[in-house]
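Worksheet for the structure shown next.
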Number of protein chains: 2
Amino acid sequence: MQSRTPASRTGRPRNAAADTAILAATRQALVELGWSKLTLGDVATRAGVAKTTLYRRWAGKNELVVDAVAELFDELELPDRGSLANDIEGVVLQFAAILDRPEARSGLMAAVAESTRDDALRERIRASIVDRQKRLVLEGRARAQCRGELPSEPDPEEAARTVDLIFDMVAGAVVHRTLMSGKPADAEWVRDFTRVLLLGLAGGTQDTP
Amino acid sequence: MQSRTPASRTGRPRNAAADTAILAATRQALVELGWSKLTLGDVATRAGVAKTTLYRRWAGKNELVVDAVAELFDELELPDRGSLANDIEGVVLQFAAILDRPEARSGLMAAVAESTRDDALRERIRASIVDRQKRLVLEGRARAQCRGELPSEPDPEEAARTVDLIFDMVAGAVVHRTLMSGKPADAEWVRDFTRVLLLGLAGGTQDTP
DNA sequence: GAGCTTTCGCTACGCCTCGTAGCGTAATAC
DNA sequence: GTATTACGCTACGAGGCGTAGCGAAAGCTC
């Protein structure tokens, strides 16, 4: 996950439990201290490992926090709730619930801030968080096209653009609502948002449910 | 702007030029160093003032960077370009251009990250950045309603909700596209985005231009 | 002008964190 | 056994933080 697994077959193996303990301790420290006051020495103490062990596995605070936060977003699921509107509302509410947790808020935004000056970190975030969750858009879109709720797009290039656009609109709106405007993405807001998004995507050819 | 103006009529007045010099030095340091490696001592040296002077005017790194970044967003304007679609495309492209500047990227996101654990800082961001730019949505919306491009909303409470929703959708999508997806919010993307947003807002009763 | 008030530049300081080096020990593969 | 790697621990220099204290400068009031 973090640095390397060079198929080292010899020597003492790494303690796998330490990884989960360190990542859990990182999230706990994010809750109690936030990003700026989080120190690697403190995380090591919480996890019950030596500080040097932590440095042997992660390059620094940035990489550690990205890995710790990325696990949070793997909880996202997209159960079939019968309609595209219900599917979107469900996943948006899940996403909002994750962003309600302080370890996700401060950790994610701080990592994104650092990634503006660190290409490797940006790629790490993209691979372990952003691109991983794009699967939700792809799945929901495929379902909706099967149901006839969305027009099928023959041009694969244009379809990819649309997927990216939807992803940025959904995730961006929730993040902005939660962190910038500072208001909750509650059921009422999610309903309004989903209505506008669906009308826009359906090309204005569909009635309001 | 920063700390206090208690109508201190007596004593040596503050050097107003130092404020602008400090904020400009902060932006320059953000460009060259980024948030995490920016130090107040370095900013003071760049601005040609003593470090103690800096601490007399700002409480810390967070507040200083918020003020330095807030000035960037005051450049946003909303010239009348004839149609709601053109107005939106114009302001989104302006917003994207600001987010293209490294001092805006790292400074804004880091401040938002810190604000998740600092209520005073969150309020400072809301007042000096977020709420200030909501004027653009209000103005564009009023224009569009005059043109008949958007339905008028009699219920003031629902109208306020709609304004908030539009603001979060526009700003959130651009920020997410730029910083999370790491792709440019170029003319093509802005056109696609505006089309979806407008279809959603018009309630599906309008043709694609 | 004299006197008061506030700001400014400068130096110095204790505190904390960072990231690394070095050592001895533990755990596994061959 | 031996080789190899991981681990815990201690110690260290480097550097930033935020503050205190000082003398000097720049205003206002009288």
Side-chain angles (χ1 to χ4, degrees), chain A residues 1-23 25-26 29-30 32-65 106 110-111 114 117-118 120-121, chain B residues 1-23 25-26 29-30 32-66 106-107 110-111 114 117-118 120-121:
Chain A
M1 178 185 298
Q2 61 282 18
S3 30
R4 80 215 69 159
T5 312
S8 61
R9 317 205 50 75
T10 176
R12 174 177 177 176
R14 281 190 173 173
N15 182 1
D19 267 16
T20 61
I22 291 172
L23 292 174
T26 303
L30 277 175
E32 298 179 14
L33 305 172
W35 162 273
S36 62
K37 295 185 179 175
L38 179 148
T39 70
L40 295 194
D42 182 68
V43 170
T45 304
R46 290 172 189 263
V49 300
K51 190 173 65 164
T52 45
T53 296
L54 218 154
Y55 275 101
R56 289 186 187 106
R57 304 194 182 197
W58 280 276
K61 204 200 236 191
N62 296 333
E63 290 76 8
L64 174 62
V65 169
S106 58
E114 288 305 305
R117 299 201 49 81
D118 184 338
L121 186 63
Chain B
M1 177 186 296
Q2 61 281 19
S3 31
R4 78 212 72 155
T5 313
S8 63
R9 317 204 51 74
T10 176
R12 175 177 176 176
R14 281 191 172 172
N15 183 2
D19 267 16
T20 62
I22 291 172
L23 292 175
T26 303
L30 277 175
E32 298 179 14
L33 304 172
W35 162 273
S36 61
K37 294 184 180 175
L38 179 147
T39 69
L40 295 194
D42 181 69
V43 170
T45 304
R46 290 172 190 263
V49 302
K51 191 173 65 163
T52 45
T53 297
L54 217 156
Y55 275 101
R56 290 186 188 106
R57 303 193 182 198
W58 280 276
K61 204 199 240 193
N62 295 333
E63 290 77 7
L64 174 62
V65 170
V66 169
S106 58
E114 288 304 306
R117 297 203 49 81
D118 184 337
L121 186 63

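What you see below is based on every heavy atom in this structure, not just the backbone, and it leaves out hydrogens, waters and symmetry mates.
Scanning for side chain to side chain contact (heavy atoms under 4.5 Å, CB included) contacts around A:T26 gives A:I22, A:L38, A:V43, A:L64, A:V65, A:A68, with sequence neighbours left out. Residues passing the side chain to side chain donor-acceptor pair (under 3.5 Å) test with A:D118, sequence neighbours excluded: none. In this structure, B:R12 has no side chain to side chain contact (heavy atoms under 4.5 Å, CB included) partners at least two apart in sequence or on a different chain. Residues that satisfy the side chain to side chain donor-acceptor pair (under 3.5 Å) test with A:S36, not counting sequence neighbours, are B:E114.
Comparing D:dC17, C:dG19, C:dC10 by their nearest atom to the side chain of A:L40 picks out C:dG19.
Nucleic acid contact class of A:G41 (heavy atoms, under 4.0 Å, all strands): sugar-phosphate only. Using a 4.0 Å heavy-atom distance criterion, B:N15 is classed as a sugar-phosphate-only contact.
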What nitrogen or oxygen pairs link the protein and nucleotides 19-21 of chain D at under 3.5 Å?
none

Filtered N/O pairs between nucleotides 26-29 of chain C and protein, under 3.5 Å:
unit_1	atom_1	unit_2	atom_2	d
C:dA26	N3	A:R12	NH1	3.1
C:dA27	O4'	A:R12	NE	3.4

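The closest side-chain heavy-atom distance from B:R117 to A:K37 is not below 4.5 Å. At a threshold of 4.5 Å between non-hydrogen side-chain atoms, the residues B:V66 and B:W58 do not count as touching.
Between A:V49 and B:K61, the residue anchored closer to the 5' end of DNA chain D is A:V49, taking for each the nucleotide with the nearest heavy atom.
Atom NZ of A:K37 is separated from atom P of D:dC17 by 14 Å (rounded to the nearest Å).
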